[in-house]
Structure formats: C-alpha cells, structure tokens
Peer 1: 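Just passing along the structure, written as structure tokens.
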Amino acid sequence: MTNQSTIPVIVNGAGGKMGREVIKAISQASDMILMGAIDTSPEHQGKDAGELAGLNIALEVPITNQLEPILGYVAGERQLQPPVMVDFTHPDAVYDNVRSAIAYGIRPVVGTTGLSPQQLENLADFAQKASTGCLIIPNFSIGIVLLQQAAITASQYFDHVEIIELHHNQKADAPSGTAIQTAQLLADMGKTFNPPQVTETEKIAGARGCLADEGIRIHSVRLPGLIAHQEVIFGAAGQIYTLRHDTSDRSCYMPGVLLAIRKINQLKSLVYGLEKIL
Ligand SMILES: NC(=O)C1=CN([C@@H]2O[C@H](COP(=O)(O)OP(=O)(O)OC[C@H]3O[C@@H](n4cnc5c(N)ncnc54)[C@H](OP(=O)(O)O)[C@@H]3O)[C@@H](O)[C@H]2O)C=CC1
Ligand SMILES: O=C(O)C1=N[C@H](C(=O)O)C[C@H](O)C1
C-alpha cells in the first residue's frame, strides 16, 4: 500500500546480481515502491522485475532498456516523497546515468564502482548546482565500514600497509571501489606508508600490485568461487596485523542500500561513503 511517506524507487541494472537483490529488498520495505526497472541486457527485456528477482509474485514492473522515459515518467508523477534511482550497472555507464537522473530531479543512490576522480568531481559539481542529494557508496556493508575504521586506527601506529582485494571474475573494474576508498582513507591520514627498504625490481610487470596515494599498494585477485573479500595487512618489526572482511551473500549490502534510499532526501549535494550517513 502506498501513502504520503512512500518513497518511489527505480532500479538501474535491475537484472544484474545486485539489481535483483535490491528489488527483493525494496519489495519487502513497507515505505518504498518500485516504479521502474532498467537493464540493457537483451535477455531481460519485458520480463517482470519481481519474477526476475526470484520473488513468487509479479511486481507488474517490466524491465526496459530505456532510462530517460522512466526518469521522465517518475519525475512527472504526483508524489510527496522525491523519487530515488538506485544504480548497480557498469563502470562505463554509471556517469551518464547519474547525470541523467539529476537532470530529471531524481536522487541517485549509486553502488556502481569505477568512477574516475574527475568524474566524481564533475558529478559533485552537477549535484551541487542542482541542489540535489547524490550518494556514491563504494561498499554498502557495515563490515567494510568497521574494517576501514580499524584500519584508520592502525595506520597511526604502523608505517607499512598493503591491501589485497579478492572478487568473482565477472568484475569489470580493478582495483575494487572499496580498495580505492580504503587506500584513500589511509592516505588522508597525512603520512606516507611503505618507505623503501631496498631497490626493488619487478621481474614481471605488476608483481607488486598498483600504487595508490602515499605509497599504499593494492593487489587484485579475480577467481570464480569468490564474491567480495578484502584484507588490509599492516606490518612492523616482529608483527603482522591483518584486517579481513568476507562477503558470503549479497544480502549483506541491503541494509545499507535501504538506509541510503531513506536518507538521500536530507542531502543537497554529493556524499561519498556509507560512513557519512550512518
Ligand atoms: N557498492 C557496493 O556495495 C557494491 C557495488 N557493486 C558494484 O555494482 C556494479 C554492478 O555489480 P553486479 O550487480 O555484480 O553486476 P552485474 O553485471 O551482475 O549487473 C549489472 C547489470 O546492469 C546491466 N547494465 C549494464 N550497463 C547498463 C546500462 N547502461 N543501463 C542499465 N543496465 C546496464 C548489465 O547488463 P549486461 O549484463 O548485459 O551488461 C547487468 O544486467 C559493479 O560496479 C560492482 O562493482 C557490487 C556489489 C556491491
Ligand atoms: O563487484 C563487486 O562484486 C563488488 N564491488 C564493489 C567494489 O568494487 O568495491 C563492492 C564490493 O566489493 C563488491
């Protein structure tokens, strides 16, 4: 049943691994209603979003590959709560999706990773000018927020740290958005890590991973059988301190996604990271 506090939501990437999970979560949230489901995959066109998500009932929302008509339709409906677009699509698509949503006055909750620093800056400008909330969340799980907080604490006492992120081999971008954010949080602590101990030679290019800001290295593993995992390993003389987060089911992201949908209406600009809205 819809009422004045029901939040209209459209899901972009509705047929994907995360999109289906989001549709299930929205269908179970009494304060939200699915108003549109977009996915460019030809195999999903016209299917009911609820049935595709594995629900026993149809939601009467067909999957379409046309984002703009859905944005226009939702923007034109008379509703008291501002509509939200959740995006779990592809690194190549997310920038344009977010710009389109903001142009229609629809607030984007973005889980898709792979936006460049320049794209993030442009989107922040765009959201600011439109006075529209925009949430970009590289990882919606509470476990990663806690891992990052522990890493920030540890970084005050350790000068050596490397990050290993491990994901399923369908992932398009590397390093993961989570690893990039984790490295940035550590780099923002105002010190340089991993002072060189010897002159290193990579006998095969990439052996030492990629170099993020302030000397922090990130290593990316892609294998079938994995979902999403991250280790932050600190080293000092005679000791190793390892922080690890493991995802065993994508439902772990849903409390964060629902929180973001509920909170975005309070924002008037771009906010990056789940920790900012907890
Ligand atoms: N922030 C977080 O907590 C999390 C973020 N992610 C990120 O979310 C993104 C999606 O992940 P995941 O669900 O696993 O990926 P999937 O490939 O399973 O799903 C993406 C879906 O979006 C479709 N798609 C691609 N381009 C567009 C477009 N332009 N418009 C609409 N639909 C499109 C894809 O179709 P097709 O297959 O035909 O390309 C696919 O059906 C990734 O960037 C991933 O890193 C994932 C998990 C958690
Ligand atoms: O592609 C994924 O699966 C994930 N992507 C996000 C990332 O790049 O950090 C979040 C999580 O790691 C799962």
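All of these numbers come straight from a predicted model, not from anything done at the bench. Both ligands and their constituent atoms are indexed starting at 1 by order of listing.
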Peer 1: Please check if the side chain of Q149 supplies one atom and the backbone of L146 the other of a donor-acceptor pair under 3.5 Å.
Peer 2: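 Answer holds: no.
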
Peer 1: Please state which part of A14 comes within less than 4.0 Å of ligand 1, counting heavy atoms only: side chain, backbone, both or neither.
Peer 2: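 A14 to ligand 1: no contact under 4.0 Å from either part.
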
Peer 1: So between T89, T112, L52, whose heavy atom ends up nearest atom 10 (C) of ligand 1?
Peer 2: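 Comparing heavy atoms across T89, T112, L52, the nearest one to atom 10 (C) of ligand 1 lies in T89.
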
Peer 1: If you have a sec, work out which protein heavy atom is nearest atom 1 (O) of ligand 2 and how many Å separate them, to one decimal?
Peer 2: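 The closest heavy atom on the protein side is K171 NZ, 3.1 Å.
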
Peer 1: Quick one: does T40 get an N or O within less than 3.5 Å of an N or O on ligand 1?
Peer 2: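 Yes, there is a polar N/O contact under 3.5 Å.
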
Peer 1: I need the atoms of ligand 2 closer than 4.0 Å to a non-hydrogen atom of T113, numbered in the order shown.
Peer 2: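 In order of number, 6 (C), 7 (C), 8 (O).
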
Peer 1: Can you confirm, on distance only, whether ligand 1 has an N/O atom lying under 3.5 Å from any N/O atom belonging to P138?
Peer 2: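 So ligand 1 has an N or O lying under 3.5 Å from an N or O of P138.
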
Peer 1: Could an N or O of ligand 1 be found under 3.5 Å from any N or O of H44, whether backbone or side chain?
Peer 2: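 No, no N or O pair falls under 3.5 Å.
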
Peer 1: Heavy-atom contacts with N139 under 4.0 Å: which atoms of ligand 2 show up? List them by number with element.
Peer 2: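 Those atoms are 10 (C), 11 (C), 12 (O).
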
Peer 1: Tell me if a side-chain donor or acceptor on T247 pairs with a main-chain N or O of A228 at a distance below 3.5 Å.
Peer 2: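 Pair found, side chain donor or acceptor close to backbone of A228.
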
Peer 1: Using the ring centroid of each side chain, check whether F140 and F88 are separated by less than 6.0 Å.
Peer 2: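 Between F88 and F140, which both carry aromatic rings, the centre distance is below 6.0 Å.
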
Peer 1: Quick one: does ligand 1 sit under 4.0 Å from the side chain of Y253, the backbone, both or neither, non-hydrogen atoms only?
Peer 2: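 The answer is the side chain of Y253.
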
Peer 1: Do the side chains of R222 and E165 get close enough for a salt bridge, i.e. N-O under 4.0 angstrom?
Peer 2: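 Looking at R222 and E165, the cut-off is met.
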
Peer 1: Is there a heavy atom in E165 that sits closer than 4.0 Å to ligand 2?
Peer 2: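 Flag not set, E165 not near ligand 2.
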
Peer 1: Any chance the side chains of E68 and S100 put a donor and an acceptor closer than 3.5 Å?
Peer 2: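 The criterion, which ignores hydrogens and geometry beyond distance, is satisfied for S100 and E68.
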
Peer 1: Which of the atoms in ligand 1, numbered in the order shown and given with their element, are less than 4.0 Å from a heavy-atom of D39?
Peer 2: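 Numbered from 1, ligand 1 contributes 21 (C), 22 (O), 23 (C), 31 (C), 32 (N), 34 (C), 35 (O), 40 (C), 41 (O).
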
Peer 1: Indicate yes or no: does an N/O atom of H167 lie under 3.5 Å from an N/O atom of ligand 2?
Peer 2: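 Yes.
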
Peer 1: Within a distance under 4.0 Å of any heavy atom of H168, pick out the atoms of ligand 2 and give their elements.
Peer 2: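 In order of number, 1 (O), 2 (C), 3 (O).
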
Peer 1: Output the distance between atom CG (L71) and atom CD1 (I10), rounded to the nearest 0.5 Å.
Peer 2: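 Spacing of CG (L71) from CD1 (I10) equals 4.5 Å.
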
Peer 1: Give the cluster check for I180 versus I163: same hydrophobic cluster or not, with ILVMFWY residues linked at side-chain heavy-atom distances below 4.5 Å.
Peer 2: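 They do not share one cluster, since no chain of ILVMFWY contacts under 4.5 Å joins I180 to I163.
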
Peer 1: Examine R250 against ligand 1 and note whether any of their N/O atoms are separated by less than 3.5 Å.
Peer 2: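 So ligand 1 has no N or O lying under 3.5 Å from an N or O of R250.
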
Peer 1: side-chain hydrogen bond (donor to acceptor under 3.5 Å, both in side chains) for Q181 and Y272? Distances and angles first, verdict last.
Peer 2: CA-CA 9 Å; Q181 186 198 20; Y272 181 83; 5.3 Å; no

Peer 1: Can an N or O of I137 be found at a distance shorter than 3.5 Å from an N or O of ligand 1?
Peer 2: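 Indeed, backbone or side chain, I137 has an N or O that close.
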
Peer 1: May I ask you to identify the nearest protein heavy atom to atom 19 (O) of ligand 1, giving residue, atom name and distance to one decimal place in Å?
Peer 2: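 Heavy-atom neighbour on the protein nearest atom 19 (O) of ligand 1: G16 CA, 3.2 Å.
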
Peer 1: A93 versus ligand 1: do any nitrogen or oxygen atoms come within less than 3.5 Å of each other?
Peer 2: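 No, since none of the N or O atoms of A93 sits under 3.5 Å from an N or O of ligand 1.
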
Peer 1: Check whether the side chains of N122 and Y95 place a donor and an acceptor atom closer than 3.5 Å, and report yes or no.
Peer 2: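 Result is yes, a qualifying pair exists.
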
Peer 1: Pull out every atom of ligand 1 sitting under 4.0 Å from any heavy atom of N139, numbered as shown with elements.
Peer 2: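 Atoms satisfying the 4.0 Å criterion: 1 (N), 2 (C), 3 (O).
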
Peer 1: Could you state whether V61 and V257 fall into the same hydrophobic cluster, counting links through intermediate Ile, Leu, Val, Met, Phe, Trp or Tyr residues with side-chain heavy atoms under 4.5 angstrom apart?
Peer 2: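 Hydrophobic grouping puts V61 with V257.
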
Peer 1: Of the protein's non-hydrogen atoms, which lies at the shortest distance from atom 22 (O) of ligand 1, and what is that distance?
Peer 2: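 The answer is G13 CA, 3.4 Å.
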
Peer 1: Test your reading of the model: is there a side-chain donor-acceptor pair from R107 to the backbone of T132, 3.5 Å cut-off?
Peer 2: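 Looks like no, no N/O pair under 3.5 Å.
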
Peer 1: To which of A172, P138, G111, S176 does the heavy atom nearest atom 6 (C) of ligand 2 belong?
Peer 2: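 Minimum heavy-atom distance to atom 6 (C) of ligand 2 goes to P138.
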
Peer 1: Quick one: nearest non-hydrogen protein atom to atom 14 (O) of ligand 1, plus distance?
Peer 2: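 The closest heavy atom on the protein side is K17 CE, 3.2 Å.
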
Peer 1: Which heavy atom of the protein is the closest neighbour of atom 42 (C) of ligand 1, given with residue, atom name and distance?
Peer 2: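 The closest one turns out to be T113 OG1, 4.0 Å.
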
Peer 1: State which residue, out of D39, T89, T112, D87, fulfils the side chain to side chain donor-acceptor pair (under 3.5 Å) condition with N12.
Peer 2: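 In the set D39, T89, T112, D87, the residue that makes a side chain to side chain donor-acceptor pair (under 3.5 Å) with N12 is D87.
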
Peer 1: Do V84 and I106 come close enough that some side-chain heavy atom pair is under 4.5 Å?
Peer 2: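 Not in contact.
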
Peer 1: Side chain, backbone, both or neither: which part of Q170 comes within less than 4.0 Å of ligand 1 when only heavy atoms are counted?
Peer 2: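 Answer for Q170: neither.
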
Peer 1: Taking the basic N atoms (NZ, or NE/NH1/NH2) and the acidic carboxylate oxygens, is any pair closer than 4.0 Å for K191 and E214?
Peer 2: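 Looking at E214 together with K191, the answer is no, because their closest N to O distance does not fall below 4.0 Å.
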
Peer 1: Atom 5 (C) of ligand 1: which of P91, G256, G111 has the nearest heavy atom?
Peer 2: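 When every heavy atom of P91, G256, G111 is considered, G111 comes closest to atom 5 (C) of ligand 1.
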
Peer 1: For N12, which part has a heavy atom under 4.0 Å from ligand 1: side chain, backbone, both, or neither?
Peer 2: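 It is the side chain that touches ligand 1; the backbone stays farther off.
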
Peer 1: Using 30° and 60° as the class boundaries, would you call the ring planes of Y241 and F158 parallel, tilted or perpendicular?
Peer 2: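 Because their plane-to-plane angle is under 30°, the rings of Y241 and F158 count as parallel.
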
Peer 1: Determine the sole option in V22, V11, V86 for which the side-chain contact (heavy atoms from CB on, under 4.5 Å) test with L34 is passed.
Peer 2: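 So, applying the side-chain contact (heavy atoms from CB on, under 4.5 Å) to L34 and each of V22, V11, V86, only V11 qualifies.
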
Peer 1: Around atom 37 (O) of ligand 1, find the nearest protein heavy atom and jot down its residue, atom name and distance.
Peer 2: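 Among all protein heavy atoms, the one nearest atom 37 (O) of ligand 1 is S41 CB, 4.4 Å.
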
Peer 1: For M18, counting its heavy atoms only, list the atoms of ligand 1 lying under 4.0 Å from any of them.
Peer 2: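 In order of number, 13 (O), 46 (C), 47 (C), 48 (C).
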
Peer 1: Less than 3.5 Å apart, any donor N or O on the side chain of Q148 or T182 sitting next to an acceptor on the other?
Peer 2: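 Checked: Q148/T182 side chains pair up, N/O donor to acceptor below 3.5 Å.
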
Peer 1: Students should be able to answer this: which protein heavy-atom is nearest to atom 8 (O) of ligand 1, and at what distance?
Peer 2: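 The answer is F88 CD2, 3.3 Å.
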
Peer 1: Does the protein place a non-hydrogen atom closer than 4.0 angstrom to atom 39 (O) of ligand 1?
Peer 2: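 No, no protein heavy atom sits under 4.0 Å from atom 39 (O) of ligand 1.
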
Peer 1: Quick check: does G177 get an N/O under 3.5 Å from an N/O on ligand 2?
Peer 2: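 Yes, at least one N or O pair falls under 3.5 Å.
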
Peer 1: Counting N and O atoms only, with roles assigned by atom type, does the side chain of D48 sit under 3.5 Å from a partner on the main chain of A58, one being a donor and the other an acceptor?
Peer 2: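 Not a single qualifying donor-acceptor pair exists.
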
Peer 1: Could you tell me which atoms of ligand 1, counted from 1 in the order shown, lie closer than 4.0 angstrom to a heavy atom of K171?
Peer 2: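 With K171 as reference, the close atoms of ligand 1 come out as 45 (O).
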
Peer 1: Do any N or O atoms from the side chain of Q45 and from the backbone of N65 form a donor-acceptor pair under 3.5 angstrom?
Peer 2: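 Yes, Q45 side chain to N65 backbone: donor-acceptor pair under 3.5 Å.
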
Peer 1: Could you tell me, atom by atom, which parts of ligand 2 come under 4.0 Å of a heavy atom of A228?
Peer 2: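 Answer for ligand 2: 11 (C), 12 (O), 13 (C).
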
Peer 1: Using a strict threshold of under 4.0 Å (side-chain N to carboxylate O), is an ion pair present between E21 and R250?
Peer 2: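 Answer for the salt bridge query: no.
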
Peer 1: Looking only at protein heavy atoms, identify the closest one to atom 9 (O) of ligand 2 and say how far it is in Å.
Peer 2: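 Of the protein heavy atoms, T178 OG1, 2.5 Å lies nearest.
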
Peer 1: Should F140 be counted as touching ligand 1, given the test is an N or O pair under 3.5 Å?
Peer 2: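 Looking only at distances, the answer is yes, because the N/O contact criterion of under 3.5 Å is met.
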
Peer 1: In this structure, does ligand 2 have an atom that sits under 4.0 Å from one of the heavy atoms of Y253?
Peer 2: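 Y253: in contact with ligand 2 (<4.0 Å).
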
